[in-house]
**Q** 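My structure is below; once you've seen it, I'll send some questions.
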Amino acid sequence: MTRLFDRLGSSGRRLTPLGFGGAAIGNLYRRVSEADAHASVAAAWASGVRYFDVAPHYGFGLAESRLSAALSDLDPAGEALISTKVGRVLEPIAADQAQGERHGFVDAAAFEPRFDYSHDGVMRSLEASLKRLGRDHIDILLAHDLGAATHGADDAAHWAAFMDGGYKAMLSLRDQGVVRAIGLGANEAAVCRRALDQGDFDVFLLAGRYTLLEQAPLDDLLPACTQAGVSLIVGGPFNSGVLACAAPAGNAHYDYGAPPAWVTNKVAALRGVCARFGVELPAAALQFPLAHSAVVSVIPGAADAEEARLAAARIAAPIPAGFWQALHAEGLIDSEAPVPLVRQAA
């Protein structure tokens with residue numbers, strides 16, 4: 001990681017290579033206290049993180065509100081760069097209906113998300129996000145969870161609604177300076193490639209698809225982004241958790257569910273190489289994506305201060321060149337995948 005900052009597409013904005021994924025402070029998988037959420041943001045800030053990603057979907061407004069509360073204390077000068085998302089609107093529900101787990105979030109705010117990629121839906125969603133975040137603009141606005149992996153048979157209808165409505169709203173918001181850059185936040189590369197062909201976007205936040213575990217975007221999306229000057233933010237660098245533990249964990253997630261056999265087997269093989277070279281698997285997972293020239297930031301989640309501090313330490317941890325060479329030689333990463341440069345000792 002020789003770069004301190006990277007340029008975000010055509011917008012000129014710069015992101016720190018290590019960012020902060022905000023789903024965890026929205027109570028993803030488990031309840032996070034207000035104190036832990038604040039401490040997580042504070043620890044990330046203290047480590048030099050200046051890019052924070054949230055979404056209305058994360059705790060149904062909870063992550064945005066918690067980030068705003070933390071940054072009001074930490075960032076009076078407004079240095080932080082923030083991305084949030086559109087594509088869902090939040091409808092209020094009774095407090096007793098909000099208890100327990102809903103859509104993966106535990107004891108979240110008393111709202112229910114509903115997909116809406118229309119012009120009015122995007123404007124309504126952004127207006128609410130600006131209020132929760134306490135800001136008059138957003139640095140990066142992302143259309144959230146478009147694509148067949150999320151919508152199945154409804155994919156075409158949602159895409160049409162977006163391109164006919166929500167996308168035009170995003171273009172107008174960018175032209176007005178209400179948002180500085182626009183893009184997609186997705187879990188699949190194919191919809192980002194579709195967007196690249198059909199629209200004018202600055203950045204894609206791609207979760208879980210360009211990681212130490214899988215590199216299919218090398219074949220198409222990443223070269224196309226490089227040619228178009230579109231930046232890529234890598235979300236889900238731990239593939240929802242399966243790469244997050246230095247030692248095997250029985251409750252690890254892959255794509256928000258139980259890992260299939262191929263994932264379990266490949267993670268075990270990766271751990272074997274890590275053991276030979278004295279490398280922590282999470283450190284390798286954080287550092288690997290940034291070696292590609294299109295990737296400007298990697299954004300692990302952090303539910304508390306310790307997780308935020310660990311991310312900062314791991315992204316700076318030395319990893320020998322032989323480790324990356326072994327991954328190539330053993331077919332554990334794509335032969336075309338660029339790997340981090342090894343920093344020379346002073």
Side-chain angles (χ1 to χ4, degrees), residues 1-19 51 53 81 83 85-87 139-150 155-156 159-160 162-163 166-168 170-175 179-237 239 285-299 324 327-328 333-341:
M1 268 65 65
T2 59
R3 298 166 295 176
L4 293 176
F5 297 94
D6 270 298
R7 190 168 294 278
L8 178 64
S10 61
S11 73
R13 303 294 290 169
R14 294 177 182 271
L15 304 183
T16 46
L18 177 64
Y51 168 47
D53 174 69
L81 294 170
S83 59
K85 305 180 182 74
V86 290
D139 298 290
I140 309 168
L141 187 64
L142 304 166
H144 201 187
D145 285 341
L146 284 157
T150 299
D155 171 42
W159 183 256
F162 173 63
M163 291 304 294
Y167 169 63
K168 293 177 181 178
M170 292 171 74
L171 286 176
S172 177
L173 289 164
R174 187 177 63 183
D175 288 344
V179 303
R180 308 288 174 76
I182 63 171
L184 266 60
N187 294 301
E188 58 176 297
V191 72
C192 296
R193 189 65 176 90
R194 183 198 303 172
L196 196 61
D197 290 339
Q198 298 184 26
D200 176 17
F201 296 97
D202 303 293
V203 60
F204 299 127
L205 196 170
L206 181 61
R209 300 287 75 84
Y210 188 65
T211 70
L212 197 64
L213 191 61
E214 48 188 290
Q215 299 97 45
L218 282 169
D219 295 336
D220 185 15
L221 179 63
L222 283 166
C225 284
T226 299
Q227 184 174 6
V230 172
S231 302
L232 193 78
I233 299 163
V234 170
N239 283 103
L286 285 178
Q287 294 185 31
F288 168 75
L290 286 165
H292 198 286
S293 60
V295 176
V296 295
S297 190
V298 60
I299 53 168
W324 303 111
L327 294 187
H328 271 143
I333 57 175
D334 191 289
S335 62
E336 299 300 315
V339 296
L341 295 174

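Residue numbers start at 1 and run along the sequence shown.
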**Q** Measure the CG-OG distance between Leu290 and Ser297 for me, rounded to the nearest 0.5 Å.
**A**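 Rounded to the nearest 0.5 Å, the CG-OG separation comes out at 7.0 Å.
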**Q** Looking only at heavy atoms, which two atoms of Pro340 and Ala291 are closest? And how far apart?
**A**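 Looks like N-CB, 3.4 Å.
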**Q** Taking side chain to side chain contact (heavy atoms under 4.5 Å, CB included) as the criterion, tell me which of Leu205, Leu286, Val234, Leu18 meets it with Ile299.
**A**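 Testing each of Leu205, Leu286, Val234, Leu18 against Ile299, the sole residue satisfying side chain to side chain contact (heavy atoms under 4.5 Å, CB included) is Leu205.
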**Q** Can you spot which of Leu184, Asp220, Val230 makes a side chain to side chain contact (heavy atoms under 4.5 Å, CB included) with Leu196?
**A**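 In the set Leu184, Asp220, Val230, the residue that makes a side chain to side chain contact (heavy atoms under 4.5 Å, CB included) with Leu196 is Val230.
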**Q** Considering non-hydrogen atoms only, spot the tightest contact between Gly183 and Met170 and give its length.
**A**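 For Gly183 and Met170, the tightest heavy-atom pair comes out as O-CE, 3.5 Å.
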**Q** Side chain to side chain contact (heavy atoms under 4.5 Å, CB included) with Ile182: which of Asp202, Asp200, Val86?
**A**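 Exactly one option meets the side chain to side chain contact (heavy atoms under 4.5 Å, CB included) with Ile182, and it is Asp202.
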**Q** Has the side chain of Arg209 got a donor or acceptor atom that lies under 3.5 Å from a matching backbone atom of Asn187?
**A**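 At least one qualifying donor-acceptor pair exists.
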**Q** Evaluate the side-chain proximity of Asp197 to Arg194: yes if any heavy-atom separation is below 4.5 Å, no if none is.
**A**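 Arg194 vs Asp197: side chains apart.
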**Q** If we ignore hydrogens and angles and just use 3.5 Å, is the side chain of His328 paired with the main-chain N or O of Asp334 as donor and acceptor?
**A**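 Between the backbone of Asp334 and the side chain of His328 there is a qualifying donor-acceptor contact (under 3.5 Å).
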**Q** Please report the closest heavy-atom contact between Pro223 and Pro217, naming both atoms and the distance.
**A**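 So the minimum-distance heavy-atom pair works out to CD-O, 3.7 Å.
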**Q** Please confirm whether the backbone N or O of Ser83 pairs with a side-chain atom of Asp139, one donor and one acceptor, at under 3.5 Å?
**A**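 No: the side chain of Asp139 does not pair with the backbone of Ser83.
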**Q** Scan Leu15, Leu142, Leu81, Ile140 and name whichever one has a side chain to side chain contact (heavy atoms under 4.5 Å, CB included) with Asp53.
**A**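 Only match with Asp53 under side chain to side chain contact (heavy atoms under 4.5 Å, CB included): Leu142.
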**Q** Please work out which of the three classes, parallel, tilted or perpendicular, describes the rings of Phe201 and Phe162, given edges at 30° and 60°.
**A**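 Judged by the thresholds at 30° and 60°, the geometry between Phe162 and Phe201 is parallel.
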**Q** Should Leu218 and His292 count as side-chain neighbours, where that means a heavy-atom distance under 4.5 Å?
**A**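 A side-chain contact under 4.5 Å exists here.
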**Q** Just checking Gln198: does its CD atom have more than 12 heavy atoms from other residues, nucleotides or ligands closer to it than 6.0 angstrom?
**A**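 More than 12 within 6.0 Å, yes.
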**Q** Would a distance-only check, ignoring hydrogens and angles, find a side-chain to backbone donor-acceptor pair under 3.5 Å from Gln215 to Thr211?
**A**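 Present.
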**Q** Testing the basics here: between Tyr210 and Ala337, what is the closest heavy-atom pair and its distance to 0.1 Å?
**A**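 In terms of heavy atoms, the two residues are closest at OH-CB, 4.2 Å.
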**Q** Begin with the C-alpha distance, continue with both residues' side-chain angles, and end with the deciding distance and a verdict on side-chain contact (heavy atoms from CB on, under 4.5 Å) for Asp145 and Lys85.
**A** CA-CA 9 Å; Asp145 285 341; Lys85 305 180 182 74; over 6 Å; no
**Q** Can you sort out the partners of Thr226 under side chain to side chain donor-acceptor pair (under 3.5 Å), two or more places apart, ordered by chain and number?
**A**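 Result, side chain to side chain donor-acceptor pair (under 3.5 Å) vs Thr226: none returned.
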**Q** Which pair of heavy atoms, one from Leu212 and one from Ala285, lies closest together, and at what distance?
**A**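 Closest heavy-atom pair between Leu212 and Ala285: CD2-N, 4.0 Å.
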**Q** Is any side-chain heavy atom of Leu327 less than 4.5 Å from a side-chain heavy atom of Phe288?
**A**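 Sidechains of Phe288 and Leu327: no contact.
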**Q** If you round to the nearest 0.5 Å, how far is SG of Cys225 from CZ of Arg193?
**A**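 The CZ atom of Arg193 sits 8.0 Å away from the SG atom of Cys225.
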